[in-house]
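Please read the structure below before turning to the comments.
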Amino acid sequence: EVERLAAGEPSRFLDFFPAADLDGDGFVSAAEAKAYFTASGVSTDNLAQIWRLADYDRDAKLDKLEFVVAMHFIQVALAGYSLPPTLPPAIASLLDASKRQLGGNGARRTAAAPPALPPKVPPKPSNPGTATAPPPLPPKH
């Protein structure tokens with residue numbers, strides 16, 4: 001089924017995770033995913049869409065559950081079904097729950113600009129009401 005993970009898919013696909021996680025850091029990077037998923041025979045366009053669907057938190061790497069989601073969609077593509085344009089709600093809620101359980105807020109990251117820095121505030125003088133002049137420069141020799 002396209003819209004949700006089938007019973008048994010997570011445990012079956014997790015067996016493949018160590019082979020894809022070449023550096024053993026607990027994540028499958030984009031480069032590792034490309035090397036591993038290309039062997040499936042799924043088109044490059046479909047693999048790009050699968051990456052967009054599976055990298056739920058947009059951190060450019062797949063954790064184990066995101067990897068399971070990617071493998072699910074690879075199976076969907078290999079079976080001849082069309083990939084969904086967006087992540088189906090049942091899979092999104094599964095990923096949300098997983099991220100919250102792992103200590104994240106479960107929010108999906110977007111490609112928004114980084115947060116703005118607070119405006120610079122000039123330091124307050126140590127003695128209010130008196131301006132402090134900068135220290136004098138040393139004499140030239």
Side-chain angles (χ1 to χ4, degrees), residues 1-140:
E1 184 179 342
V2 175
E3 299 290 318
R4 63 185 72 246
L5 298 176
E9 273 187 330
S11 61
R12 182 166 53 104
F13 294 151
L14 282 175
D15 289 342
F16 298 107
F17 188 84
D21 179 17
L22 298 176
D23 62 8
D25 68 350
F27 297 95
V28 175
S29 69
E32 290 170 329
K34 182 177 180 182
Y36 190 78
F37 294 153
T38 300
S40 70
V42 171
S43 74
T44 304
D45 288 344
N46 277 344
L47 288 177
Q49 176 63 9
I50 289 167
W51 181 265
R52 285 189 293 274
L53 293 168
D55 185 17
Y56 187 69
D57 54 9
R58 302 289 187 250
D59 61 356
K61 59 188 176 185
L62 303 179
D63 62 28
K64 288 181 179 182
L65 186 55
E66 290 170 327
F67 176 82
V68 166
V69 169
M71 292 292 289
H72 166 76
F73 286 120
I74 286 172
Q75 295 301 307
V76 165
L78 289 172
Y81 295 100
S82 295
L83 295 169
T86 59
L87 199 61
I91 295 175
S93 66
L94 181 68
L95 287 165
D96 268 341
S98 172
K99 300 293 179 188
R100 278 193 300 272
Q101 186 177 16
L102 294 174
N105 63 6
R108 185 174 188 162
R109 291 186 189 157
T110 60
L117 296 173
K120 286 191 173 185
V121 178
K124 291 183 180 179
S126 57
N127 186 1
T130 61
T132 4
L137 296 173
K140 291 184 181 179

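Here, residue 1 is the first one in the sequence, and each next residue gets the next number.
- With His72 contributing its side chain and Val2 its backbone, the two residues share a donor-acceptor pair below 3.5 Å.
- Using modelled atom types, one side-chain atom of Arg58 and one backbone atom of Arg52 make a donor-acceptor pair closer than 3.5 Å.
- A donor-acceptor contact shorter than 3.5 Å is absent between the side chain of Glu9 and the backbone of Met71.
- Scored by the salt bridge (Lys or Arg N to Asp or Glu O under 4.0 Å) test, Glu1 finds Arg4 as partners (sequence neighbours excluded).
- Residue Ile50 holds its CD1 atom at 7.0 Å from OG of Ser40, rounded to the nearest 0.5 Å.
- For Phe17, the ring-ring contact (aromatic ring centres under 6.0 Å, His included) partners two or more places apart in sequence, or in a different chain, are Phe67.
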- What's the verdict on side-chain contact (heavy atoms from CB on, under 4.5 Å) for Asp96 and Tyr56, showing C-alpha distance, side-chain angles and the deciding distance? CA-CA 9 Å; Asp96 268 341; Tyr56 187 69; 2.8 Å; yes

Can you list, pair by pair, the side-chain donor-acceptor contacts under 3.5 Å of residues 80-94, counting residues two or more places apart and other chains?
{"unit_1": "Ser93", "atom_1": "OG", "unit_2": "Pro89", "atom_2": "O", "d": "3.3"}
{"unit_1": "Ser93", "atom_1": "OG", "unit_2": "Ala90", "atom_2": "O", "d": "3.0"}

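- Ser98 and Leu65 make their closest contact through CB-CD2, 3.4 Å (heavy atoms, listed as atom of the first residue, atom of the second, distance).
- Ion pairing between Glu66 and Lys99 holds under the 4.0 Å rule for side-chain N and carboxylate O.
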- From CA spacing to verdict: side-chain contact (heavy atoms from CB on, under 4.5 Å), Leu62, Trp51: CA-CA 9 Å; Leu62 303 179; Trp51 181 265; 3.5 Å; yes

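- The two residues Pro10 and Leu5 make their nearest non-hydrogen contact at CG-CD1, 4.2 Å.
- The distance from the CG atom of Leu95 to the CG atom of Leu53 is 10.5 Å, given to the nearest 0.5 Å.
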- Message: Applying side-chain contact (heavy atoms from CB on, under 4.5 Å) to Ile74 and Leu47, what does each step give before you reach the verdict?
- Response: CA-CA 8 Å; Ile74 286 172; Leu47 288 177; 4.3 Å; yes

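- A salt bridge does not link Asp21 with Lys64: none of the charged nitrogens is closer than 4.0 Å to a carboxylate oxygen.
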